[in-house]
S.K.: 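Next up is a structure, given as structure tokens.
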Amino acid sequence: MVAAVLAGLSLLSLLTCGYLAWGSRRGGAGEAPGNLLGEEPVAGAPRSQPHIIFILADDQGFRDVGYHGSEIRTPTLDKLAAEGVKLENYYVQPMCTPSRSQLITGKYQIHTGLQHSIIRPTQPNCLPLDNVTLPQKLKEVGYSTHMVGKWHLGFYRRECMPTQRGFDSFFGSLLGSGDYYTHFKCDSPGICGYDLYENNNAAWDHDNGIYSTQMYTQKVQQILASHNPRKPIFLYIAYQAVHSPLQAPGRYFEHYRSINNINRRRYAAMLACLDEAINNVTLALRKYGYYENSIIIYSSDNGGQPMAGGSNWPLRGSKGTYWEGGIRAVGFVHSPLLKNKGSVCKELVHITDWFPTLITLAEGQIDEDIQLDGYDVWETISEGRRSPRVDILHNIDPIYTKAKNGSWAAGYGIWNTAIQSAIRVNHWKLLTGNPGYSDWVPPQAFSNAGPNRWHNERVSWSAGKTVWLFNITADPYERVDLSARHPEVVKQLLRRLSQFNKTAVPVRYPPKDPRSNPKLNGGVWGPWFKEDEKKKKSDKSKGANKQKK
């Protein structure tokens with residue numbers, strides 16, 4: 001009965017769309033001097049290679065968009081999605097770094113060594129340099145490539161910086177979070193620094209106390225204004241919002257005074273600002289002649305964090321977990337180039353799929369020796385065809401806290417169920433180990449300072465349980481564990497996990513390096529590892545010794 005009611009609510013939410021004329025909003029997040037509204041768009045000569053605009057939101061919950069039934073108003077997102085293709089079986093990773101690494105390489109975490117947690121500010125770690133990136137491949141076929149926003153793929157060496165990984169320009173932050181106004185971030189007491197960059201240098205000149213969502217949008221408008229729309233552009237906009245700290249300009253609170261929960265209220269204001277910013281990006285695409293030959297992709301990087309105002313209802317779990325609430329994301333594609341506009345795609349799509357999909361659309365070539373985990377899903381999205389994807393390895397993390405009761409015996413001698421892992425094959429999803437916070441957090445839980453446990457649907461862990469099986473198509477809310485009922489399916493998925501694990505590379509998760517302290521780098525978070533200098537000194541000393549001899 002509960003599942004039926006929830007299914008009804010979910011269907012109702014999918015049918016709920018907001019409509020907004022692009023010219024109906026005045027002012028707002030990131031609007032540049034000279035009103036974009038009402039001006040005639042510049043005519044750009046059509047060409048076969050489309051402009052690609054990828055917008056990645058941070059920590060936006062599955063429910064936190066108007067067309068999923070949220071109380072937070074997102075008229076821009078609702079309209080773009082309604083006129084495009086909504087991705088309603090779309091998956092990402094449960095945290096920042098993993099999703100970003102998979103987007104930019106088309107590879108699962110187990111194939112880049114980033115299968116554990118995130119890249120910490122003080123770690124000598126980054127996306128492995130031997131991985132070719134999406135912007136590098138697009139540059140090969142004539143694209144101008146620009147990134148605005150949050151990197152979070154490592155920076156300990158200069159070679160790890162965005163401008164060394166395929167972007168012609170970079171404006172944004174290197175870390176995972178920071179103050180939206182001051183752009184400072186403390187990793188621990190006494191380890192604090194400035195985190196706003198323009199290309200390879202700290203952007204002190206831009207430190208004017210501007211809210212990051214608005215500042216990033218202004219930068220996007222400047223890039224679009226200065227680029228020739230007859231030449232293809234790849235614009236990766238990775239907004240900081242709506243990740244904590246929960247900060248927003250005062251006027252965005254106007255419609256949300258009735259939300260009692262202060263975290264939810266702040267989160268709503270942040271999302272309202274983000275929605276307006278995306279409206280202004282879309283207006284700029286129209287004004288400067290990009291829109292008719294553009295593909296706009298919108299995605300969240302992971303599920304919402306209820307303790308920080310996000311909502312994934314009616315999905316189970318939250319950010320950082322492999323329950324649907326951590327990995328099933330808000331996503332859509334909006335483009336005049338779509339064949340089936342105004343539709344809903346329920347085929348399986350994963351964040352790794354953007355790499356081959358976008359390179360193919362850009363008329364690029366994918367090297368045969370690149371072992372990709374993504375698929376070209378453009379025909380699936382644009383024409384409604386079946387997805388070439390039948391499974392997703394959500395992850396295998398061999399160093400995450402082991403489940404105390406896990407064992408090879410529990411995994412039928414095929415898999416050690418103490419290890420945290422999750423896999424989807426067709427309708428089936430299997431989880432092993434410790435999958436993380438697993439409560440359902442309904443909207444009424446947001447009644448005071450934090451989600452109210454009184455309203456949460458608490459999960460009592462069964463003694464010794466380290467394996468779960470769900471039919472996600474029939475039970476997207478993961479309420480009925482079928483592992484005991486279908487042991488043969490469990491065995492099949494465990495074997496698939498084992499096969500994937502044989503292809504895994506070692507985990508990259510080094511201890512922190514004291515040289516990373518911003519105090520040693522002019523008060524700025526930035527590259528600190530001087531490997532080249534050490535080599536030069538070593539070579540010089542070797543040369544001097546040879547001369548002496």
Side-chain angles (χ1 to χ4, degrees), residues 56 90-120 123-138 151-154 156-157 159-160 162 164-166 299 301-302 322 326-327 329 348-360 364-377 387-400 415-416 419-425 429-433 493-510:
L56 190 66
Y90 172 56
Y91 289 87
V92 295
Q93 296 309 112
M95 286 183 288
C96 308
T97 297
S99 282
R100 289 157 210 273
S101 71
Q102 297 199 22
L103 163 66
I104 209 169
T105 66
K107 295 182 180 182
Y108 290 144
Q109 292 159 258
I110 65 164
H111 296 144
T112 59
L114 299 175
Q115 56 265 59
H116 179 67
S117 191
I118 59 173
I119 294 177
R120 308 286 174 182
Q123 283 182 315
N125 194 14
C126 73
L127 180 71
L129 299 176
D130 58 353
N131 281 268
V132 67
T133 68
L134 177 59
Q136 286 171 341
K137 296 300 295 180
L138 294 176
W151 176 238
H152 207 186
L153 287 174
Y156 80 107
R157 295 168 56 174
E159 296 91 332
C160 301
Q164 306 300 311
R165 306 310 303 271
S299 170
D301 67 340
N302 47 248
Y322 292 97
I327 56 177
L348 204 57
V349 178
H350 185 249
I351 195 166
T352 53
D353 297 334
W354 298 121
F355 184 97
T357 300
L358 297 179
I359 291 172
T360 303
Q365 295 294 320
I366 297 174
D367 303 329
E368 291 184 5
D369 59 342
I370 297 181
Q371 299 291 317
L372 290 184
D373 295 305
Y375 295 83
D376 179 356
V377 293
S387 175
R389 176 177 288 283
V390 295
D391 60 16
I392 297 172
L393 176 68
H394 293 306
N395 197 25
I396 299 169
D397 186 343
I399 66 174
Y400 186 75
W415 185 256
N416 182 358
I419 295 172
Q420 184 192 58
S421 68
I423 189 170
R424 169 86 178 262
V425 178
K429 177 182 176 183
L430 182 85
L431 302 99
T432 73
L493 270 61
L494 290 175
R495 290 190 190 98
R496 190 78 181 100
L497 267 179
S498 181
Q499 290 171 351
F500 270 120
N501 199 43
K502 290 175 183 176
T503 68
V505 301
V507 179
R508 298 166 60 98
Y509 198 73

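Computed from a prediction, not measured in an experiment: that's the story for all the values here. Here, residue 1 is the first one in the sequence, and each next residue gets the next number.
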S.K.: Got Tyr509 and Gln123 here, is their nearest side-chain heavy-atom distance under 4.5 Å?
M.R.: yes

S.K.: How far does CD1 of Ile118 sit from CG of Asn302, to the nearest 0.5 angstrom?
M.R.: 10.0 Å

S.K.: If I take atom CZ from residue Arg100 and atom CG from residue Asp301, how far apart are they, to the nearest 0.5 angstrom?
M.R.: 4.5 Å

S.K.: Considering only heavy atoms from C-beta outward, does the side chain of Ile110 approach that of Phe500 to under 4.5 Å?
M.R.: yes

S.K.: Is a donor on one side and an acceptor on the other found under 3.5 Å between the side chain of Asn125 and the backbone of Arg508?
M.R.: yes

S.K.: Applying the side chain to side chain contact (heavy atoms under 4.5 Å, CB included) criterion to Arg165, which one of Ile104, Leu129, Val132 satisfies it?
M.R.: Leu129

S.K.: Could you tell me whether a side-chain N or O of Thr352 sits under 3.5 Å from a main-chain N or O of Gln102, the two making a donor and an acceptor?
M.R.: no

S.K.: If you take all heavy atoms of Pro356 and Gly374, which pair is closest and at what distance?
M.R.: CG-C, 3.6 Å

S.K.: Could you pull out the closest heavy-atom pair between Pro135 and Gly166, with the gap in Å?
M.R.: CB-O, 3.4 Å

S.K.: For Ser421 and Leu431, indicate whether the former's side chain and the latter's backbone hold a donor-acceptor pair under 3.5 Å.
M.R.: no

S.K.: Would you indicate whether the side-chain heavy atoms of Val377 and His350 approach each other to under 4.5 Å?
M.R.: no

S.K.: Going by heavy atoms in the side chains, are Asp373 and Leu393 under 4.5 Å from each other?
M.R.: no

S.K.: Taking atom OG1 of Thr360 and atom CD of Gln365, what is their separation to the nearest 0.5 Å?
M.R.: 8.5 Å

S.K.: Can you name the closest pair of heavy atoms from Ser117 and Pro98 and give their distance?
M.R.: O-CG, 3.5 Å

S.K.: State, with a plain yes or no, whether a side-chain heavy atom of Leu153 is found less than 4.5 Å away from one of Thr97.
M.R.: yes

S.K.: Working to the nearest 0.5 Å, report the span between CG of Leu430 and CD1 of Ile423.
M.R.: 7.5 Å

S.K.: Looking at Gly154, is its backbone amide N or carbonyl O close enough to the side chain of Trp151 to form a donor-acceptor pair, meaning the two atoms are under 3.5 Å apart?
M.R.: yes

S.K.: Determine whether the aromatic ring centres of residues Tyr322 and His394 are separated by less than 6.0 angstrom.
M.R.: no

S.K.: Verify, without hydrogens or angle tests, whether Gln115 (side chain) and Val505 (backbone) share a donor-acceptor contact under 3.5 angstrom.
M.R.: yes

S.K.: Restricting to non-hydrogen atoms, name the atom on Pro398 and the atom on Ile419 that form the minimum distance, rounded to 0.1 Å.
M.R.: CA-CG2, 4.2 Å

S.K.: Taking the side chain as everything from C-beta on, heavy atoms only, tell me whether Asn395 gets closer than 4.5 Å to Met95.
M.R.: no

S.K.: Show your working on side chain to side chain contact (heavy atoms under 4.5 Å, CB included) between Lys137 and Phe355 and close with a plain yes or no.
M.R.: CA-CA 9 Å; Lys137 296 300 295 180; Phe355 184 97; 4.0 Å; yes

S.K.: In this structure, which one of Asp353, Val349, Asp376 forms a side chain to side chain contact (heavy atoms under 4.5 Å, CB included) with Arg389?
M.R.: Asp353

S.K.: Roughly how far apart are Trp415 CH2 and Asn501 CG, rounded to 0.5 Å?
M.R.: 4.0 Å

S.K.: Would you check if the side chain of Ser99 reaches a backbone N or O of Val92 as a donor-acceptor pair within less than 3.5 Å?
M.R.: no

S.K.: In Å, rounded to the nearest 0.5 Å, how long is the span from CG of Leu114 to SG of Cys126?
M.R.: 8.5 Å

S.K.: Between Ser299 and Tyr90, does any side-chain donor sit less than 3.5 Å from a side-chain acceptor?
M.R.: yes

S.K.: Flag the pair Leu127 / Cys160 as yes when at least one side-chain heavy-atom distance between them is below 4.5 Å, and no otherwise.
M.R.: no

S.K.: Look at the side chain of His152 and the backbone N and O of Ile119, then say whether any donor-acceptor pair between them is shorter than 3.5 Å.
M.R.: yes

